[in-house]
Engineer: 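Before we start, here is the structure in question, set down as structure tokens.
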Amino acid sequence: MEVNCNKEDLLYGVQIVNRAVSNKNTLPVLGGILLEAKNNSLIFRATDLEFAIECFVNVDVVEEGTVVLPGRYFTEMVKRLPTGLISIKSNNNFGAEIKYEQSELNINGFDPEEFPSFPETGAGFPGSIDQDLFKDMIRQVSVAASSDETRPVFTGILMELLGTDVILVATDTHRLTLHRGIWKGDLIEEKSTMIIPAKTMVEIARIISDEPEPLFIMPGKNQIHFKAGNISVISRLIDGQYPNYRYVIPEKDNFKTKIRVRTKKLLETTERAALLARDDTKEKANLIRLKAEQEQLIINSNSPEIGKIYEEINIHLEGEPIEIVFNSKYLLDALKVVDAEDIYIELISALSPGIIRNVESEEYIYLILPVRTV
Amino acid sequence: MREIKVLDPQTANQIAAGEVVERPVSVVKELVENSIDAGATRIKISIREGGLKLIQVGDNGCGMTVSDMLMAPKRHATSKIENAEDLNSLHTLGFRGEALPSIAAVSKLSVTSRLGESAVGWQVVIENGTINEPVETGCPSGTIVRAESLFYNTPARKKFLKSAATELGHASDMIGRMILSHPDIAFELEHEEKNILKSPGNGDLAQAIFAVYGGDITRKMKKISYHGEEKIIGFVSSPELTRSTRHYYNFFVNGRFVRSPELAAILEEAFYTRIPAKRYPVAVIHFTLDPETFDVNVHPAKLEIKFRNLPALKSSFIQALDDIFRRPADVIPGVTLPFTAPKTQPIQRGKDYPDQEIYQEKFQLVSEEPVYPQKMEVLPSRESEQVRKQEAEKQQVFSNMKVLGQLEGTYILASSPEGIYIIDQHAAHERIRFDKIKKAFCAQPSETEYLAVPGVIELTPQQALWLINNIVTIKDLGFILEHFGENTFLLRGVPRWNSGGNSEELLLAIVEKLGNDDSEQLQMDRLVEEELFTMACKSAVKANRHLTEADIGYLLTQLELSNNPYSCPHGRPVLIKITRKEIEKRFMRS
């Protein structure tokens, strides 16, 4: 293999796939990045067997071929190379000769035959979703995914496709997030659901574009393939039964209290209150008490060892006054990702689930559960 | 030079007996195996003085005819095989025809038996090698074998036996294995008329495991099964449950317990790196193999086994074991705990007995006695004379102390008219922190975090009953449960202090605890003790930190206020005392 390319293209490719490089040294070859020169493009590929990322850039291919170079060293090296033309040429020992300016660098690699092949997936759904939208959806939904590996389904994000809907759901059983996006193209006739590891989804959100460019989705039996321009991500799916989220979300008519509040104001207050609610015995679950009456939201938190805090925020209250206690972490997460000037907090009672959402849309909801204090 | 003589039968039998009957447990084993071979479904074993005074095994098996009863105590008399060929297709546990004669040679043996269909039973007594005339007697159908005064005629053997408790430990261990090997037989083991082990005998292996190992272990066992040439069925602990010895390996080949380094190696290979080094899983596995594929006739004790085709067996076994790791989040399917669960935990390996003796012996050798020689934990809630007395002592201990200094940045040295105290500064501070944290924790009511997605908890009927009986306690702890039909419950809320942990598992453990021990008052701080310990430990001053006089003064005043200043939350001593008397003794002043 021999290619000539410039530093920017090389760095771009390497940084896109770098996150899929395995840092656990079980199978040494998985610590590598595969570079394949073919038809005037250079393909980059890495996988840790959980998910795989592939991307390509156009370069001048002198000789087609493949090398696998150690991911970490190669990435760090590329970052430090001088700007300009770089030539990469494979040698006989699975390594590569990298030439830049008047210098030359030799780096040892792995046998490309050992590198896992990119799994095949079936035909995609007809149509696509906008990348910028999907990115926001993942960011807003993934906060609620669990990191507890003993219950694998909750470490994933549920994706449901039907008609023109793309729904993402995540829950760690304490809260639940849901975002409904729009599928562009033909209607999806048959409902398709799959659980994708949240970790992979976060990576996808990282590498896809901030523009409304199309993202194609191709489901496989145990895998799913996302394609965004010159980038492909393939992820394993989580096997299991996802709980029926529809039962969990209260009907609209049930809400008795609707609080409209400035997100930034509530976020700042909650951050102060949460700080104070942290002491030895409460470290894991800082409680914060909200009391809405008339046009005031009173926020209370206290710790016998540290002190107590009392704040008031102006709100617009519709419905009945209420007093409710939340775990401040769950409230903070919601306020951080909701992306809205103003939010609605919709509540039923002090001991029932509530919903936090943007006042302007109902596409994204954050279901939060209260804490019962005696 | 002496003449060569043929030994008389009695002596010959005694020598041969030594091979089969090593200690009381061997007798129990031979008799129980006979009962099993006789098709018994209930076997009751009664032992006195660890088996030296009495071993009695009664069963409801097929019984024996009078002529059989007279034949049985003779050497190599067996009903189980007829010729050498049969050795290759053994289906019975015993076959050598050595058991009864060997036992008869070293004890006073009586056999009482009644055939199912006959109206009366017969009793035969064998003493000093002579078989007495059978006597007609009334008895239940089945066979009762009584071996009294074991080793009365071989004092040398008797001398090498360990204490009654050790011998009982061996016996209960052995019966435990019998229960696991024959879940279809109801076993009962009594020592001095006290129930030690009892199995339901309904054929359910999980219940047999429960009977032997209790609920904690049973719950963490995972079912394995493989059906091919070889049939492999059993339970193996998930990696979270390990033991420090291989003692919990129970391999049964066609119902016979075997010690097999080969099988152990395969099991360990499957668990390699999944559990810490030098830790071993708990395993109860039944192999059903073609009798032609293995040989058990290697040792009279019949524990060793040779496989003719180990690689084939290995691949099947590994496949069976793979299942455990493939479903990491699964709980055991279908483990049911019996209604007749023993209230008392079975005695484990009988090691409690000798340990106690050794412990006491050791204790007397220790001259720097800790301040609290008897009880490590003094429970503040228990209002008793002892506590009040210790309270009074404690008052004196700390206020009378004069600080001498700090030793190696780790210990505080202090003196009082009674002697010298050495205080572990970390342990002391840990105790103070723990008391404080615990107090703060207990002061908070049990808050509940509601779940967006309720957990479904399926219980056994027994567990469900326990849960319903204790629903108020469980609610007080911070759980919100909803009855969801039959024995299924919906977990709608979990205690806030455990919101990061696995609440379903915690609930199961609590239910189990409440069910198994009525007397224990479950307290929240007990359940989260470990967590509180860690908090206390992390915030306490470490060793190798120099303390100022003010620091030490603060520690001592705070200790004074503690309910239990003598031990840190982990149970290690906070301080030790070298008495004046001891010091005087060392300086040989009288």
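Reckoned from all heavy atoms, side chains included, excluding hydrogens, waters and symmetry mates. Letters A, B, ... are given to chains in the order of the sequence lines, protein chains preceding strands, and every chain is numbered from 1.
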Engineer: Mark yes when over 12 heavy atoms from residues, nucleotides or ligands other than B:Lys475 sit less than 6.0 Å from its NZ; otherwise mark no.
Structural biologist: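 Open.
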Engineer: Find the distance between OG1 (B:Thr448) and CG (A:Leu369) and round it off to the nearest 0.5 Å.
Structural biologist: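 It is 12.0 Å, given to the nearest 0.5 Å.
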Engineer: Provide the closest heavy-atom pair for A:Arg372 versus B:Phe479 in the form atom of the first, atom of the second, distance.
Structural biologist: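 Closest pair (atom of A:Arg372, atom of B:Phe479, distance): NH2-O, 4.4 Å.
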Engineer: Give, as side chain, backbone, both or neither, the part of A:Pro370 having an atom under 4.5 angstrom from any heavy atom of chain B.
Structural biologist: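 Contact with chain B is through both the backbone and side chain of A:Pro370.
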Engineer: Which one wins on heavy-atom pair count under 4.5 Å against chain B: A:Leu351, A:Ile249, A:Asn244, A:Val325?
Structural biologist: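 Winner by heavy-atom pair count: A:Leu351.
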Engineer: ring-ring contact (aromatic ring centres under 6.0 Å, His included) with A:Tyr364: which residues, sequence neighbours excluded?
Structural biologist: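 Applying ring-ring contact (aromatic ring centres under 6.0 Å, His included) to A:Tyr364 gives A:His179.
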Engineer: State whether the number of non-hydrogen atoms from other residues, nucleotides or ligands found under 6.0 Å of A:Asp239 atom CG is greater than 12.
Structural biologist: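 Open.
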Engineer: Within a reach of under 6.0 Å around NZ of A:Lys221, are more than 12 heavy atoms found that belong to other residues, nucleotides or ligands?
Structural biologist: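 Counting other residues, nucleotides and ligands, NZ of A:Lys221 stays at 12 neighbours or fewer.
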Engineer: Testing the basics here: between B:Ala452 and A:Leu367, what is the closest heavy-atom pair and its distance to 0.1 Å?
Structural biologist: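 Answer, listing the atom of B:Ala452 first, then A:Leu367: CB-CD2, 3.9 Å.
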Engineer: Side chain, backbone, both or neither: which part of A:Ile368 has a heavy atom under 4.5 Å from chain B?
Structural biologist: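 Contact with chain B is absent: no heavy atom of A:Ile368 under 4.5 Å.
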Engineer: Just how far is it from atom CD of B:Glu449 to atom CG of A:Leu287, taken to the nearest 0.5 Å?
Structural biologist: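 These two atoms lie 7.5 Å from each other.
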Engineer: Does CD in B:Glu458 sit with more than 12 non-hydrogen atoms of other residues, nucleotides or ligands closer than 6.0 Å?
Structural biologist: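 Check fails, neighbour count at 12 or below.
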